[in-house]
Amino acid sequence: MMSFLKKYRAPGISFILVFGTIFFLQVFNLVLIDSSEMLENIAIFVFWWLLLTFIIWKFPFLKRNRLFTLKIIGLISIWILAIVVDTYANIPDNPLTIGLLTLFWLGVAFLVFPKFIKRYGVFLFAAYGLIMLYFVLVRWSPSYFQDYKSTVLYLLISPIPIFLFLLVFEQWKWFRNLKSEKSKAELQLLKNQINPHFFFNTLNNLYGLTVEKSDKAPETVLKLSEMMRYTIYEAKEDVVSLQQEIDYLNNYIDLQKIRFQKKLQISFIREMDAEYEIAPLLFINLVENAFKHGVEPSLGASFINIELKVNKGMLFFKIENQYESEEEKSPNGIGLENLKNRLELIYPKNHVLQIKKINEIYSVTLEIQLH
């Protein structure tokens with residue numbers, strides 16, 4: 001029951017808020033609602049209900065992305081201004097109202113399809129600019145409603161099918177390119193699943209443990225076997241359980257501890273409020289870099305701090321280590337670029353990757369809104 005209420009909390013709250021606001025405005029005569037226009041009234045109510053539901057659902061995202069939030073607020077302000085002008089001016093086909101509504105829908109299109117509007121925005125705004133200029137010129141003609149109104153309506157609608165066709169064409173090209181990029185990313189992923197240096201170093205360490213007849217030899221073989229099985233079989237799936245990724249990282253860290261005899265301090269904090277799934281092998285490049293550019297060049301004691309937390313579907317991963325000054329540019333290599341590309345493909349607009357270097361401490365923070 002609680003999960004049901006939690007799932008439908010946003011639509012319920014937004015329904016109450018929109019209905020209550022309309023009731024308040026109607027009681028105090030702040031807005032005029034024509035009871036004969038039932039279909040129009042329902043459409044307006046549904047629009048505001050869905051918009052408010054979207055805002056409540058995406059509140060964490062809106063809080064993090066202030067520019068996007070300001071755009072939403074700007075669009076809502078334009079819509080409210082159009083309603084106020086239309087209500088109190090009481091002018092049929094008011095050019096100011098039509099202009100504000102046109103600007104509102106162009107803004108919505110820009111918000112939903114930013115890349116498309118950036119490419120064709122000049123033509124789109126030029127087309128509607130000319131249409132609005134024509135509308136303003138003919139609106140005050142005495143014969144407007146008889147001779148020009150239908151023409152203006154057709155002109156306002158005419159660019160829509162053209163740009164819809166261009167939008168579908170752009171989406172088709174994007175999907176075709178996405179398939180190609182996904183194949184390349186998967187190939188690159190397979191190439192980077194097991195670092196050859198790590199593999200050979202582990203085999204050399206295993207050989208040394210075998211010669212010494214160490215009790216750690218069987219455990220090392222088992223961990224290496226589990227890592228190879230995971231990268232060859234489980235990691236081929238689109239998603240894996242987050243616990244599997246954690247186990248994979250633990251095995252990698254344990255094998256690296258055997259390799260490095262120097263004093264090494266590793267902290268790995270894990271907190272999850274539920275079971276989640278994630279794209280495989282997202283964190284291994286970051287952990288590899290921490291050992292390669294932090295532990296390996298260090299002459300003395302070294303450390304790696306890893307933190308992985310998930311709360312209400314928001315994943316937070318942070319890794320930090322010390323680095324030598326001459327190694328400052330090394331961490332930004334192929335592995336990190338591969339990670340950035342995979343994040344853009346798998347979690348577009350649902351992730352934040354930050355890299356900081358402060359006082360010879362190299363830290364990487366990754367936040368992902370899990371599906």
Is a side-chain N or O of [X] found less than 3.5 angstrom from the main chain of [Y], in a donor-acceptor match?
| X | Y | result |
| --- | --- | --- |
| Asn359 | Ile361 | no |
| Asn350 | Gln369 | no |
| Asp86 | Ala82 | no |
| His293 | Asn289 | no |

Check whether any side-chain heavy atom of [X] lies under 4.5 Å from a side-chain heavy atom of [Y], and answer yes or no.
| X | Y | result |
| --- | --- | --- |
| Tyr362 | Gln322 | no |
| Pro280 | Arg342 | yes |
| Tyr134 | Leu130 | no |
| Ser241 | Gln244 | yes |
| Ile319 | Asn305 | no |
| Ile355 | Ser363 | no |
| Met132 | Ile98 | yes |
| Phe110 | Lys71 | yes |

[X], [Y]: one ILVMFWY side-chain cluster at the under-4.5 Å cut-off?
| X | Y | answer |
| --- | --- | --- |
| Ile258 | Leu222 | no |
| Leu111 | Leu81 | yes |
| Ile266 | Phe303 | no |
| Leu167 | Ile160 | yes |
| Trp49 | Ile16 | no |

After noting the C-alpha distance and the side-chain angles of Lys216 and Glu219, does the key distance pass the salt bridge (Lys or Arg N to Asp or Glu O under 4.0 Å) rule? CA-CA 5 Å; Lys216 294 182 179 180; Glu219 180 185 354; over 6 Å; no
Atom of [X], atom of [Y] and distance for their closest heavy-atom approach:
| X | Y | value |
| --- | --- | --- |
| Phe268 | Arg270 | O-NH1, 2.8 Å |
| Ala279 | Ile346 | CB-CD1, 3.7 Å |
| Glu245 | Leu282 | OE1-N, 3.5 Å |
| Val85 | Leu100 | CG2-CD1, 4.3 Å |
| Phe135 | Pro95 | CE2-CA, 3.5 Å |
| Pro114 | Lys349 | CG-NZ, 4.0 Å |

Can a side-chain donor-acceptor contact be found between [Y] and [X] if the only test is distance below 3.5 angstrom?
| X | Y | value |
| --- | --- | --- |
| Asp247 | Gln243 | yes |
| Tyr144 | Asp93 | yes |
| Gln146 | Ser143 | no |

For the [atom1] atom of [X] and the [atom2] atom of [Y], what is their distance to the nearest 0.5 Å?
| X | Y | atom1 | atom2 | answer |
| --- | --- | --- | --- | --- |
| Trp79 | Leu75 | CH2 | CG | 11.0 Å |
| Tyr276 | Leu242 | OH | CG | 9.5 Å |
| Asn321 | Gln265 | CG | CD | 13.0 Å |
| Glu320 | Lys318 | CD | NZ | 5.0 Å |
| Glu226 | Leu255 | CD | CG | 9.5 Å |
| Arg119 | Leu124 | CZ | CG | 14.5 Å |

Determine whether Leu156 and Tyr128 satisfy the following criterion, side chain to side chain contact (heavy atoms under 4.5 Å, CB included), listing intermediate values before the conclusion. CA-CA 7 Å; Leu156 287 172; Tyr128 273 103; 4.2 Å; yes
With side chain to side chain contact (heavy atoms under 4.5 Å, CB included) as the test, would you mind laying out the steps for Val221 and Leu206 before giving the verdict? CA-CA 7 Å; Val221 173; Leu206 180 59; 3.5 Å; yes
Could you go through Leu366 and Leu343, starting from their C-alpha distance and side-chain angles, then the distance that decides it, and tell me whether this counts as side chain to side chain contact (heavy atoms under 4.5 Å, CB included)? CA-CA 10 Å; Leu366 174 60; Leu343 289 170; 3.7 Å; yes
Heavy atoms from other residues, nucleotides or ligands near OH of Tyr148 exceed 12 (cutoff 6.0 Å): no
Got more than 12 heavy atoms from elsewhere within 6.0 Å of OH, Tyr207? no
For Phe317 and Ile306, what are the C-alpha separation, side-chain angles and deciding distance, and is it a side chain to side chain contact (heavy atoms under 4.5 Å, CB included)? CA-CA 7 Å; Phe317 179 87; Ile306 306 173; 3.6 Å; yes
Suppose we call two aromatic rings close when their centres sit under 6.0 Å apart. Are Tyr248 and Phe283 close by that rule? no
Over 60° means perpendicular and under 30° means parallel, so classify the ring planes of Phe123 and Tyr120, tilted if in between. tilted
What I want to find out is whether Glu307 reaches Lys309 closely enough, with some N-O distance under 4.0 Å, to be called a salt bridge. yes
